[in-house]
Amino acid sequence: MSAKKTQEISYDFQSIEEKWQARWQNAASYRVNIDKERKKYYVLEMFPYPSGRIHMGHVRNYSIGDVVARYKRLRGYNVLHPMGWDSFGLPAENAAIKNNTHPARWTYENINYMRRQLRQLGLSYDWDREIATCNPKYYRWEQQIFLEMYEKGLVYQKNTTVNWCESCHTVLANEQVIDGICWRCDEPVEARNMNGWFFKITDYAEELLEDLDQLSGWPDKVVTMQRNWIGKSTGLQCDFDVEGIDKKLSIFTTRPDTIFGVTFMSIAPEHPILDALLQNNPKENEVREFTKRTITEKQQQSNKDVIEKEGIDTGRFCVNPFNGQRIPIYVSNFVLMEYGTGAVMAVPAHDQRDFEFAKKYNLAIKAVVMPKDTDLDGKAMEEASILPGILHHSGIFSGIKSNEAQQKIIAHAQTNGYGEAKTTYRLRDWGISRQRYWGAPIPMIQCNICGVQPVPVDQLPVTLPEDRDSQQNDCTPLHQRSSFIETNCPKCGNKAKRETDTMDTFVESSWYFARYASPRFTNSPLNKEEASHWLPVDQYIGGVEHAILHLLYSRFFTKVLRDLGYLSIDEPFTNLLTQGMVIKDGSKMSKSKGNVVDPSDLIDEYGADTTRLFSLFAAPPEKDLEWNPKGVEGCHRFLNRIFRFVQTLAPASSIEKIRKPDEFNKTERELHRKIHQTIKKVTNNIEYNFHFNTAISAVMELFNTLTSLYGTTSKKEEAVNSVVIEAVETILILLSPMVPHFCSELWTNIHGDESSIESRSWPRWIEEATQEEELTIVVQVRGKVRSRIQVPADIDNARLEHIALQDENVLKFIGDQTIKKVIVVKKKLVNIVI
RNA sequence: GCCCGAAUGGCGGAACUGGUAGACGCAAGGGACUUAAAAUCCCUCGGCCUCUGGCUGUGCGAGUUCGAUUCUCGCUUCGGGCACCA
C-alpha cells in the first residue's frame with residue numbers, strides 16, 4: 001500500500017507524533033529523581049546491542065516496557081525507566097574490517113541512528129541516564145569492580161581447556177556454547193588449552209541456587225533452567241587405596257548406598273593418577289594409545305553426539321575401603337575430568353551406563369539394593385535397577401533401607417577417615433578472557449620480577465588504544481600492539497607487560513541495571529544511596545534466550561556487588577517477564593531468512609502508535625507473535641474510528657447534559673456499566689498478567705458499545721452528554737500507555753491544549769457500577785443447554801429454579817420424565833437432572 | 001533418556017475458582033453508499049443434518065462430576081531446556 005493512499009484514510013499521525021515527541025523531549029517529561037513522597041518503581045527492558053537498526057523484537061520488548069512504565073506513572077509511582085547500549089562486541093569489529101572504519105565509529109553511528117528510532121516510537125525513557133558500555137566512563141568502573149573482585153579472591157588466572165571458536169577467534173564461556181556450537185556465529189567450538197581469567201562464580205553456586213526460591217516473580221521455566229544449569233548433587237567423596245603405589249583414587253558418588261556393589265573403577269583419560277598407574281606397567285603403551293585417541297576424539301566431537309562407550313583395563317587394582325575387595329581400574333571415554341573427581345566407582349547393577357560397560361567388557365555385576373519383594377541376581381539382570389530398596393550383601397549395612405543407608409555409609413566413611421559428605425555442582429567458573437579488540441581491557445600487568453600485578457585504581461581506566469593515524473580499520477587485537485603492551489610494573493617500576501585480553505561483553509550487561517541508578521557518578525561504580533533507593537528492578541523484560549547467560553551472570557554480580565558493599569540487595573530483578581519471539585512465515589524474523597519487517601517502514605506507513613498497538617494486541621507477551629500485516633491495518637482502523645468519533649465531539653466544557661447516575665436513562669446506564677467493567681478488566685489485565693491483548697480487546701468492546709448506542713460519530717444531539725464524555729475519557733486513559741501520542745492529542749481535543757492526559761490518574765472502577773441489572777441464565781437439561789432466560793440480577797435461587805422449570809423449551813425436553821435433581825448456580829445457570 | 005510447556009474455527013487469539021466454547025481482531029461471503037473504486041457503514045461467518053429446530057465439536061483414549069477447554073490417568077504431536085553429571 002502506498003503512503004499516499006494510507007494518508008487519505010488516516011488521521012495525521014505523523015504530525016501528531018512529532019508534536020508530542022518534541023513536547024516530551026523539551027519538557028524532559030520522563031526525567032526522574034529520587035522522590036521520598038512517592039513510591040519508586042523501576043521498570044527495565046534488556047538494553048539492545050547497537051547492531052544498526054531496531055527490529056520488531058525490540059519494538060515488542062520496548063512497547064511492553066513502555067506500557068508498564070506509563071501505567072505505573074498514572075498509578076502515581078515515581079518511575080525509573082532508563083535505556084542504554086550494550087555496545088562492546090564482535091559485530092562492531094567485523095563491520096569495521098568490512099567498511100574500513102573504527103569499531104567505535106561504527107558503534108556510535110548505530111547508537112545515534114537507533115536512538116532516533118526509539119524516540120520515534122515515543123518510548124518514555126529518562127534519556128539523561130543513557131549509558132553506552134563501550135564508553136570509558138562506563139568500563140572504567142567495570143575495571144574497578146574487577147580489581148576489587150581480584151582483591152577478594154574472586155578473580156583468578158589459570159591454564160585450562162577452554163572453548164575456542166575459530167570463526168570468532170576467541171574463547172567462550174560454557175554458557176556461550178550451545179550444543180557444541182558458538183552462541184553467536186553458530187560455528188562448532190573446539191577444545192583448546194589456554195591461559196585465561198576467571199570469575200569464581202562457583203563460590204556463589206549454593207546461594208545462586210537457594211535464592212531461586214525467592215524468585216516468585218520469575219517464570220518457573222527460567223528458574224528451572226537455572227537450577228539445572230547450576231546442577232547441584234550431594235553424595236559421598238571416598239578414597240580408594242591403589243595397589244602398589246602410594247596414591248589414593250578419590251571418587252564422588254550420589255549413590256553411597258551402592259558402594260558394596262562396586263565391581264570396577266572408571267577414570268577419565270586425562271586423570272593425573274594415570275602416570276603413576278602406568279609406571280612399570282606392561283600395558284603402558286596400549287593404555288597411552290587409548291587415552292591419546294580418546295582425548296583427541298573428545299576435542300573433535302561436539303558434545304552433542306553421544307559417543308560409543310569404550311574403555312581399557314589398566315591392569316592395576318584399587319581396594320574398596322568398605323569391604324577390602326580388589327577392584328580393576330579402567331580408563332573410560334565417558335568419564336569427565338571436569339566433573340566430580342574425574343573418577344567413578346562403577347556399580348553396574350544400579351547404573352545403566354556402568355551396566356552397559358560391564359556387559360561389553362564382561363565385568364562382574366553385583367546387585368546390592370533390592371527393591372521391594374525382589375531378589376536381584378547380577379548375572380540375570382537385563383538392565384540396571386535404579387529403584388530404592390533394602391541393602392543386601394553390604395556388610396553391617398545389610399537390611400537397611402537404601403535412603404537411610406546413604407547417610408550411614410557417609411558417616412561410616414567419615415569416622416574411618418576415608419571419605420566425607422560432598423556437594424558438587426555442574427556450574428563452572430566463568431571464563432571472561434576474550435582475545436578480541438572491542439571489549440573492556442582487563443586491568444592487569446605481568447611483571448617478570450613481581451609476577452601478576454593489578455593496575456592501581458588511580459590509573460584507571462585502561463583504555464583501548466586508538467591509533468587512528470590511518471583511516472584503516474583498527475581492530476588489531478591488543479597482543480599485537482606493542483604500544484599498548486609496554487608499561488611499567490606498578491610495584492617495582494621496571495618494564496612490564498599489560499594483559500591483552502579483554503572482558504567478555506556479558507560482564508558489562510551484568511551490572512548496567514545498577515549503574516542506571518547513578519549513571520554519571522564519578523566517585524565509584526555505584527552511588528550507594530541512589531542504588532539502594534532504586535534497586536532492585538521491579539520489572540525486568542526481555543527475551544527468554546537470556547534465561548541462563550545474562551540472568552545468571554547478573555544475579556552473580558548483584559551478590560558480588562553486595563559483598564563489596566555497593567548494594568544492599570540479594571537479587572537484582574524482582575519480577576521477570578520473558579517475551580516471545582516475533583515470527584513471520586513460521587520462523588523467527590532474521591536477515592538470513594529474508595523475512596524481516598523494518599519497524600521504520602511501519603512507522604512511516606501507519607505511525608508509531610499503530611505499530612505499538614499491534615505488537616501488543618497480536619499475542620500475549622510471553623507467547624511468540626505471528627506477524628500479520630493485515631492485523632496492523634486492523635489496529636490502524638480502530639484508532640481511526642476513535643479519532644473520527646472524538647473529532648465530532650464537542651469540547652467537554654460545553655457539555656450541558658451533566659447527568660448523575662440516578663438520573664441515567666437505560667442507554668446511559670448501559671454505557672456507564674460498560675465503562676466500569678472495562679476499567680476493571682483493563683486494570684486487572686495490566687496489573688496481574690500483562691495480557692495487553694485482552695486489555696485492548698476490552699477497550700475495543702467499550703468503543704463498540706459506545707458507537708452502537710450513539711452512532712459512529714457523535715453528531716447526534718443526545719450523544720453530547722456527560723456519560724459519553726466519560727466513555728471517551730476512559731478509552732483515552734486506558735489506551736494511553738499503549739498509544740501515548742494518539743491519546744495525548746485527543747485528550748487536548750476534548751479538554752483544551754493546557755490539559756494533559758499524563759497529569760490525570762488511572763481511573764478506578766466502582767464495583768457496584770459493573771453489576772448487570774439483568775442476567776442471562778442458562779438452563780440445562782442433563783447438562784445440555786436448552787434455554788436462556790432473562791432475569792433480574794437480584795433474583796434468588798428458588799425463584800430462579802421456579803422460572804426455569806416453567807420454560808417452554810425446557811418442559812419439552814423434560815417431557816414426562818421425573819426430575820431427580822436441580823442444580824442452581826448463583827447468577828449463572830440451572831441444570832435439571834432427569 | 002530426563003525435566004518443563006503447549007495443542008481451541010480459514011488465521012492470531014478469548015473463556016473468572018469446574019458452569020453459555022469461540023470475546024476482540026484478521027480473512028472470507030453478502031448488502032448499503034458511489035458513475036466506479038477506495039474508504040466507511042450494516043449483516044453472515046466451527047462442522048453436519050431432515051435447518052424458526054436438532055446433532056456434534058477445544059490433539060487422541062479413558063475416568064471423576066449434574067456439568068470438563070479447565071481436574072485425574074494413559075497416549076500423540078509440536079516447542080523449549082538439560083544431557084555420558086557418576
Side-chain angles (χ1 to χ4, degrees), chain A residues 1 5-6 8-10 178-179 219-229 231-233 235-236 251-255 258 266 268 303-309 332-336 338-347 351-354 356-357 424-426 544-545 547-548 580 583 614 617-620 622-635 637-638 640-641 644 681 684 691 693-701 703-704 707 711-713 776-785 787-788 809 812 820-834:
Chain A
M1 196 188 284
K5 199 162 128 195
T6 320
E8 291 168 6
I9 61 158
S10 302
I178 294 142
D179 289 341
D220 292 344
K221 188 181 159 185
V222 176
V223 171
T224 310
M225 281 166 70
Q226 293 218 354
R227 187 166 284 129
N228 291 340
W229 187 261
K232 179 181 181 175
S233 330
L236 167 71
I251 58 95
F252 171 72
T253 179
T254 54
R255 291 292 306 273
T258 64
S266 283
N303 19 346
K304 202 179 178 179
D305 337 289
V306 173
I307 49 172
E308 163 94 22
K309 282 169 200 53
S332 309
N333 65 348
F334 62 86
V335 179
L336 305 172
E338 314 85 73
Y339 185 80
T341 60
V344 185
M345 65 173 214
V347 187
D351 180 287
Q352 186 58 25
R353 215 179 26 218
D354 295 341
E356 285 164 26
F357 195 90
T424 59
Y425 299 90
R426 213 188 72 101
V544 72
E545 64 273 17
I548 294 172
I583 302 284
F614 176 72
F617 179 62
E622 68 278 6
K623 273 201 168 186
D624 286 348
L625 184 155
E626 174 71 35
W627 188 260
N628 173 6
K630 294 286 189 182
V632 182
E633 282 179 40
C635 286
R637 274 203 287 268
F638 170 58
N640 270 313
R641 281 204 298 271
R644 281 196 302 273
K681 175 125 205 250
N684 288 336
H691 282 186
N693 56 333
T694 49
I696 295 166
S697 298
V699 179
M700 286 173 168
E701 281 188 57
F703 184 68
N704 289 348
T707 54
T712 53
T713 62
T776 306
I777 301 293
V778 170
V779 187
Q780 298 180 329
V781 178
R782 251 203 286 182
K784 288 191 179 178
V785 181
S787 184
R788 295 182 170 87
N809 210 29
K812 204 171 92 194
K820 285 185 191 151
K821 198 167 29 161
V822 178
I823 288 144
V824 183
V825 181
K826 204 180 162 197
K827 296 189 175 182
K828 288 239 165 77
L829 93 169
V830 178
N831 188 8
I832 299 154
V833 188
I834 50 174

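Proteins get letters first, then strands, A, B, ... in listed order; numbering begins at 1 in each. Quick note: numbers below take in every heavy atom, side chains included, and nothing from hydrogens, waters or symmetry partners. Note that this is a predicted model, so its numbers are computed, not measured.
- As rounded to whole Å, 7 Å separates atom P of B:G12 from atom CD of A:Glu626.
- Remark: P of B:G18 and CG of A:Leu829 are 15 Å apart, rounded to the nearest angstrom.
- Nucleic acid contact class of A:Val778 (heavy atoms, under 4.0 Å, all strands): base.
- Within 4.0 Å (heavy atoms only), A:Ile777 reaches no atom of the nucleic acid at all.
- A:Asp351 comes within 4.0 angstrom of nothing in the nucleic acid, heavy atoms only.
- Scanning for side-chain hydrogen bond (donor to acceptor under 3.5 Å, both in side chains) contacts around A:Tyr339 gives A:Ser233, A:Thr424, with sequence neighbours left out.
- For A:Lys681 and B:C24, the NZ to C1' distance is 8 Å, given to the nearest whole Å.
- At B:A86, none of the side-chain N or O atoms of A:Ser266 fall inside 4.0 Å of OP1 or OP2 (strictly under the cut-off).
- Figure legend. B:U76 is base-paired to B:A7; pairs are counted as Watson-Crick or G-U wobble with both atom distances under 3.5 Å.
- Taking 4.0 angstrom as the limit, A:Arg255 places none of its side-chain polar atoms (N or O) nearer than this to OP1 or OP2 of B:C85.
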**Worked check of ring-ring contact (aromatic ring centres under 6.0 Å, His included) between A:Phe617 and A:Phe638** = CA-CA 12 Å; A:Phe617 179 62; A:Phe638 170 58; 8.1 Å; no

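- A close approach under 4.0 Å does not occur between any side-chain nitrogen or oxygen of A:Asn704 and OP1 or OP2 of B:A23.
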